Amino acid sequence: MAIANLFSQVLSSSWLHWALQPHLALHIPDGFLSLPISLLTWIVSIGLIAIALKQVQADYQERAVPLMGVCAAFIFAAQMINFPIPGGTSGHLLGGTLAGALLGPWAGTLVMSVVFIVQAVLFQDGGLTVLGANIFNMGLVGTFGGYYLYKAIRFAIGRNSWRGMLVGIAVASWASVVVAAAIASFQLALSGTVPLAVALAAMMSWHVVIGIGEALITVVAVSFVWRSRPDLFYDPPRRTQQSLSRPYSLH
């Protein structure tokens with residue numbers, strides 16, 4: 001009898017762990033976050049987006065607008081392509097680090113915010129009431145955190161070297177997904193939706209793998225730009241600054 005009860009508990013816990021994993025995704029649905037957590041993330045997201053708008057209007061030239069549109073369209077299309085991972089679930093590109101590398105953290109934040117708003121409104125990918133949290137986790141943290149980590153690593157290894165870009169963009173892309181998953185786990189736990197240990201186990205186990213896919217896709221996209229139009233980078237390699245004109249400048 002004791003063995004039967006133990007077997008039943010193992011099955012139940014395994015089913016719970018499996019059942020939670022597909023739902024505890026970075027695109028948080030409605031009803032998963034408490035009102036205080038939703039309001040807090042909304043306030044922070046709206047505040048940072050407002051600052052980003054002012055920063056872009058003050059510092060960016062009009063020639064940056066087409067690049068922002070192309071970047072938004074590419075990230076939106078790339079996010080529609082899911083790649084399978086073990087366990088019957090799948091992942092897709094987030095693109096925050098990619099947007100930051102090409103556009104800088106402020107314009108990249110605006111691009112990512114627009115992408116997530118369109119996804120939530122038109123495709124119900126993530127809830128509307130928790131849109132502030134999704135923008136904060138994947139857009140703001142992914143873009144700002146990913147960009148500055150990428151910049152730090154690239155400049156440490158070699159700002160003008162392809163190796164510096166490669167290592168920086170790969171590490172930052174992977175880290176942006178993992179950190180966003182960790183923050184979402186804490187938000188779910190603070191909301192009382194699921195215990196923190198369960199949320200971290202379910203979220204981190206998959207997003208460590210999804211982050212690898214994020215890194216690979218971002219490296220391919222950024223490597224193509226680096227070899228064909230390095231002047232399009234927000235921080236272009238110095239060898240291109242005299243031979244190629246930048247589409248916009250903040251300096």
Side-chain angles (χ1 to χ4, degrees), residues 48 51-79 92-115 138-180 208 210-251:
L48 287 176
I51 297 173
L53 280 170
K54 292 182 179 180
Q55 194 74 20
V56 169
Q57 290 174 351
D59 295 337
Y60 284 64
Q61 298 179 6
E62 291 184 359
R63 294 180 64 186
V65 176
L67 182 59
M68 291 174 65
V70 171
C71 188
F74 173 80
I75 292 174
F76 182 84
Q79 285 190 358
H92 63 74
L93 176 75
L94 293 182
T97 303
L98 174 61
L102 295 178
L103 300 170
W106 295 111
T109 291
L110 292 182
V111 164
M112 296 305 299
S113 298
V114 170
V115 169
M138 295 179 287
L140 303 181
V141 172
T143 305
F144 277 96
Y147 167 75
Y148 284 110
L149 179 58
Y150 146 77
K151 181 178 179 180
I153 296 174
R154 176 187 156 194
F155 278 48
I157 295 177
R159 170 181 177 174
N160 303 317
S161 70
W162 182 81
R163 178 171 172 267
M165 182 281 300
L166 177 68
V167 175
I169 207 71
V171 173
S173 299
W174 178 84
S176 67
V177 173
V178 175
V179 171
V208 165
I210 292 174
I212 298 175
E214 175 89 5
L216 291 174
I217 296 172
T218 306
V219 163
V220 170
V222 169
S223 295
F224 175 79
V225 177
W226 182 273
R227 295 181 183 279
S228 59
R229 287 292 304 275
D231 58 302
L232 293 180
F233 279 86
Y234 180 73
D235 295 302
R238 288 177 179 172
R239 67 176 182 273
T240 69
Q241 289 180 338
Q242 296 179 350
S243 60
L244 296 171
S245 61
R246 294 181 62 182
Y248 59 94
S249 175
L250 294 180
H251 310 289

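These numbers were taken from a predicted model, which means no experiment stands behind them.
Listed by chain and residue number, nothing satisfies the ring pair (Phe, Tyr, Trp, His ring centres under 6.0 Å) test with F74 (two or more places apart in sequence, or in another chain). Judged as a side-chain contact (heavy atoms from CB on, under 4.5 Å), and not counting sequence neighbours, V70 has no contacts. Shown here are the side-chain contact (heavy atoms from CB on, under 4.5 Å) partners of S113, two or more places apart in sequence or in another chain: I49, T109, I135. Qualifying side-chain contact (heavy atoms from CB on, under 4.5 Å) partners for V114, counting only residues two or more places apart in sequence or in other chains: V118. Under the rule for a side-chain contact (heavy atoms from CB on, under 4.5 Å), the partners of S176 that lie at least two apart in sequence or sit in another chain are T97.
Closest approach of A215 to S173, counting heavy atoms only: CA-CB, 3.7 Å. Here the closest non-hydrogen pair linking V115 and A72 is CG2-O, 3.8 Å. Minimum interatomic distance between Y234 and P105 (heavy atoms only, all atoms of both residues): CE2-CD, 4.2 Å. The two residues L94 and I75 have their closest heavy-atom pair at O-CG2, 3.6 Å. Nearest heavy atoms, G108 versus T143: C-CG2, 3.7 Å. Nearest heavy atom pair, residue S228 against residue P230, reads C-CD, 3.7 Å.
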Side-chain donor-acceptor distances from residues 145-158 under 3.5 Å, at least two apart:
unit_1: Y147; atom_1: OH; unit_2: D235; atom_2: OD2; d: 2.5
unit_1: Y150; atom_1: OH; unit_2: R154; atom_2: NH1; d: 2.8
unit_1: R154; atom_1: NE; unit_2: R159; atom_2: O; d: 2.9
unit_1: R154; atom_1: NH1; unit_2: D235; atom_2: O; d: 2.7
unit_1: R154; atom_1: NH2; unit_2: R159; atom_2: O; d: 2.9
unit_1: R154; atom_1: NH2; unit_2: D235; atom_2: O; d: 2.7

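If you take CD on Q55 and CG on L48, they are separated by 12.0 Å, rounding to the nearest 0.5 Å. Put simply, CG on L53 and CD on Q57 are 6.0 Å apart, with the number rounded to the nearest 0.5 Å. Distance check, rounded to the nearest 0.5 Å: CG of L232 to CG of L103 gives 9.5 Å. The distance from atom CD1 of I169 to atom CZ of F233, rounded to the nearest 0.5 Å, is 7.0 Å.
At least one donor-acceptor pair closer than 3.5 Å links the side chain of W174 to the backbone N or O of V208.
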